[in-house]
Amino acid sequence: MALLTFRQIEKSYGVVPVLKGIELAVEPGEVLALVGENGAGKSTLMRIAAGLAAPSAGAMLLDGAPAPTTLHEAERAGIVMVHQEFCLAPHLTVAENVFLGRELTRGLFTDRKAMEVKARALLAELGSAAPVRARLRDLPVSDWQMIELAKAFARQPKLILMDEPTAVLSATEAGNLFTRIRAFRKSGGSVIFTSHRLDEVKAIADRVAVLRDGQIVRVEKTSAISENEMAEAMVGRPLAEIYPPRRGAAPRKAFLSVIGLSAPGAVEDASLDIREGEVLGISGLVGSGRTELFEALLGLRPAKCRSFVLRGRERRLPAAREAWALKLAYLTEDRKGKGLLLAKPLDQNVALTRGAIAGAAWIDRRAERRDLEAAVERYDIRAGRLDVTAGALSGGNQQKVLIAKTLGVEPDLVVFDEPTRGVDIGAKQQIYEIIAGLAAEGKAIVVISSEMQEIVGLSDRVLVMRRGRIAGELSGDAITENDIIRFAMGLEEASPQEEASH
């Protein structure tokens, strides 16, 4: 008997159908992957399973009986959800968060020592050494994700719903999670797992169900379907090579050169060139200083350098507002926290980098609307209606709004920090085409990414960071995952180009 069964599940928000007659089941001791483009209905189906949303039609069965319809009933029945957005309390300790809402007690009092001991054990099973007495707000986001996962396992579930659980994890951390999932499956537990990383789906899932436009279009054993077949089923069309072709290694003029850039506690003595018409990839392990290097370069954190040459002219390091005025743009990795105003309309978000579009003495809303319409057309932003807030869009469409906002100043240099985090395969391909198109126009492009396949596929040249320093440089056909890893791990000496730049 199936553990959880969806029978003709439908869900609409107003007149907009999101799920259309979903028929699906997850078996005991199975990892079932749900894949689909942003907006396909994956998260909505998970929310229904978790008791967070009610279907508009259809039924859901748990062990053959009517399934719980509220969050508390679902958790009591053994269904727990790990949300894409954290459900944690930053001011509490790690142990308090692991047992949030289900605190261990001794008599009338909270048993903090017991919670710390058990929290430490749960985190160890996930390969995490997060300090259980530390306040959550003092820890990196990857620790938050592990704590969210430990909280789910602490509830001793029989079914865990994992919505993009590896989005902020390193490859090592994701591997530790998969080891824990396999142990959970071996003990009879089940997992419904969503991820935009199709290689992860192949690595961990027993079966995969593909959603497109609110419908299940294909269900297969994972061993019987390739990543490319999954992607084509998701978008409903054959996919060409996902990465645009490289344009060759023609000599390119330096747009920006910096020597001896340092940022306290983050970057030390970095020297680099950023060239016109080139995609410069930035790789390295989590905490290597990738993001911090370009925050320092663009005035987003305190820094100093021995030389800063922009467009052939020696200048001082710019402050953040000066960088925008110089047409040096930075697309943040944190679109929800730093990139967009989620409660504001789309037109206001697109206009953010230019400030208000001014008429005589008022904001020209018609001009903002025209700019939004142009952005929707240019970047294929799928919003349904243009008067919705940014927060109402799927992750991939939010990312396209962020790109439209960032490119609104028509920059000459664009730093894309994790440009495809949390977006589906179709949106990834569109973003890669945007990046390649900007480089073809002669713009200087930097791509910071934790996905090595993305770095290899997009970059004309790659700098690898390690412990706040540039550890090496690769270009052309020499850009391989193996060589990137060797530099990132300190197994290679810096390249001749890097040594010369110092």
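Keep in mind that this is a model prediction, so the values were computed, not measured. Computed over heavy atoms, backbone and side chain alike; hydrogens, waters and symmetry mates excluded.
Although no hydrogens or angles enter the test, the distance criterion places no donor-acceptor pair under 3.5 Å between the side chain of Arg252 and the main chain of Ala444. Between the side chain of Asp273 and the main chain of Ser257, no donor-acceptor pair closer than 3.5 Å is present. Counting only distance, with no hydrogens or angles, the side chain of Gln398 and the backbone of Leu393 share a donor-acceptor pair below 3.5 Å. Of the possible donor and acceptor atoms, one in the side chain of Lys443 sits under 3.5 Å from a partner among the backbone N and O of Pro411. A donor-acceptor distance shorter than 3.5 angstrom exists from the side chain of Lys151 to the backbone of Cys87, with no hydrogens or angles considered. In this structure, the side chain of Lys400 engages the main chain of Asp380 through a donor-acceptor pair within 3.5 Å. At distances below 3.5 Å, at least one donor-acceptor pair connects side-chain atoms of Gln399 with backbone N or O atoms of Pro419. Proximity of a side-chain donor or acceptor of Thr166 to a complementary backbone N or O of Leu169 within less than 3.5 Å is not detected. Panel note: side chain Glu418, backbone Ser450; a donor-acceptor pair is recorded below 3.5 Å. Distance alone, capped at 3.5 Å, is enough to place a donor-acceptor pair between the Glu164 side chain and the His196 backbone.
Side-chain contact between Tyr432 and Glu454 is present, with at least one heavy-atom pair separated by less than 4.5 Å. When side chains are defined from C-beta on, Val388 counts as touching Leu346, because their heavy atoms get closer than 4.5 Å. You'll find the side chain of Ile470 stays beyond 4.5 Å of the side chain of Ser271, heavy atoms only. Between Leu256 and Phe308 there is a side-chain heavy-atom pair separated by less than 4.5 Å. Here the side chains of Lys344 and Asn349 are in contact, with some heavy-atom distance below 4.5 Å. Taking 4.5 Å as the limit, some side-chain heavy atom of Phe487 sits within range of a side-chain heavy atom of Leu474. Counting only heavy atoms from C-beta outward, the side chains of Val415 and Leu297 never approach each other to under 4.5 Å. You'll find the side chain of Tyr13 reaches within 4.5 Å of the side chain of Thr44, heavy atoms only.
Around the CZ atom of Arg182, the shell of radius 6.0 Å holds more than 12 heavy atoms that belong to other residues, nucleotides or ligands. Open room surrounds CD on Glu410; 12 or fewer heavy atoms of other groups in view lie less than 6.0 Å from it.
Between Lys221 and Asp206 there is no salt bridge, since no side-chain nitrogen of the basic residue lies less than 4.0 Å from a carboxylate oxygen of the acidic one. The existence of a salt bridge linking Arg370 and Glu373 is excluded, since no basic side-chain nitrogen approaches an acidic carboxylate oxygen closer than 4.0 Å. Salt-bridge check for Arg275 with Asp460: failed, with every basic side-chain N at 4.0 Å or more from each acidic carboxylate O. Salt bridge status for Lys428 with Glu451: present, with a side-chain N to carboxylate O gap under 4.0 Å. Contact check on Glu227 versus Lys202 returns no salt bridge, with no Lys/Arg side-chain nitrogen under 4.0 Å from an Asp/Glu carboxylate oxygen. Ion pairing between Glu322 and Arg315 fails under the 4.0 Å rule for side-chain N and carboxylate O.
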- Please step through side-chain contact (heavy atoms from CB on, under 4.5 Å) for the pair Phe255 and Glu278, ending with a clear verdict. CA-CA 10 Å; Phe255 174 78; Glu278 176 187 60; over 6 Å; no

- Item | Worked verdict on Met234 versus Val210 for side-chain contact (heavy atoms from CB on, under 4.5 Å) | CA-CA 6 Å; Met234 286 163 56; Val210 183; 3.7 Å; yes

- Could you walk me through whether Arg218 and Glu229 pass the side-chain contact (heavy atoms from CB on, under 4.5 Å) test, one step at a time? CA-CA 10 Å; Arg218 190 167 178 179; Glu229 288 171 326; 4.1 Å; yes

- Pair Val235-Gln429, side-chain contact (heavy atoms from CB on, under 4.5 Å): steps then yes or no: CA-CA 11 Å; Val235 300; Gln429 190 174 37; over 6 Å; no

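One distance of note links CZ of Arg135 with NE2 of His91; it measures 8.0 Å at 0.5 Å rounding. The distance from the CZ atom of Arg316 to the CG atom of Leu310 is 12.5 Å, given to the nearest 0.5 Å. Atom CD1 in Ile282 sits 8.0 Å away from atom CZ in Arg461 (nearest 0.5 Å). Rounded to the nearest 0.5 angstrom, Asn482 CG and Met452 CE are separated by 9.5 Å. Taken to the nearest 0.5 Å, the CD1 atom of Ile448 stands 8.5 Å off from the CD1 atom of Ile455. Between Ile192 atom CD1 and Met81 atom CE the span is 9.5 Å, to the nearest 0.5 Å.
Counted by atom type alone, Asp417 and Thr332 present zero donor-acceptor pairs between their side chains at under 3.5 Å. For Ser262 and Asp269, the side-chain atoms include no donor-acceptor pair closer than 3.5 Å.
Listed here is the closest heavy atom pair of Asp163 and Met46: N-CE, 3.7 Å. Residues Pro302 and Ala263 share a closest heavy-atom pair of O-CB, 3.6 Å. Nearest heavy-atom pair, Asp347 versus Leu372, reported as atom, atom and distance to 0.1 Å: N-CD2, 3.7 Å. Contact record, Ala439 with Val279: CB-CG2, 3.9 Å, taken as the closest heavy-atom pair. When all heavy atoms of Leu317 and Cys305 are compared, the closest pair comes out as CG-SG, 3.7 Å. Across all non-hydrogen atoms, the minimal contact from Leu261 to Ala296 is CD2-CB, 4.2 Å.
Listed by chain and number, the residues in a ring-ring contact (aromatic ring centres under 6.0 Å, His included) with Tyr379 amount to none (sequence neighbours excluded).
Under the side-chain contact (heavy atoms from CB on, under 4.5 Å) test applied with Trp144, the options Asn97, Leu139, Val94 reduce to a single match, Leu139. None of Leu458, Ile431, Leu438 except one satisfies the side-chain contact (heavy atoms from CB on, under 4.5 Å) rule with Phe416; the exception is Leu438.
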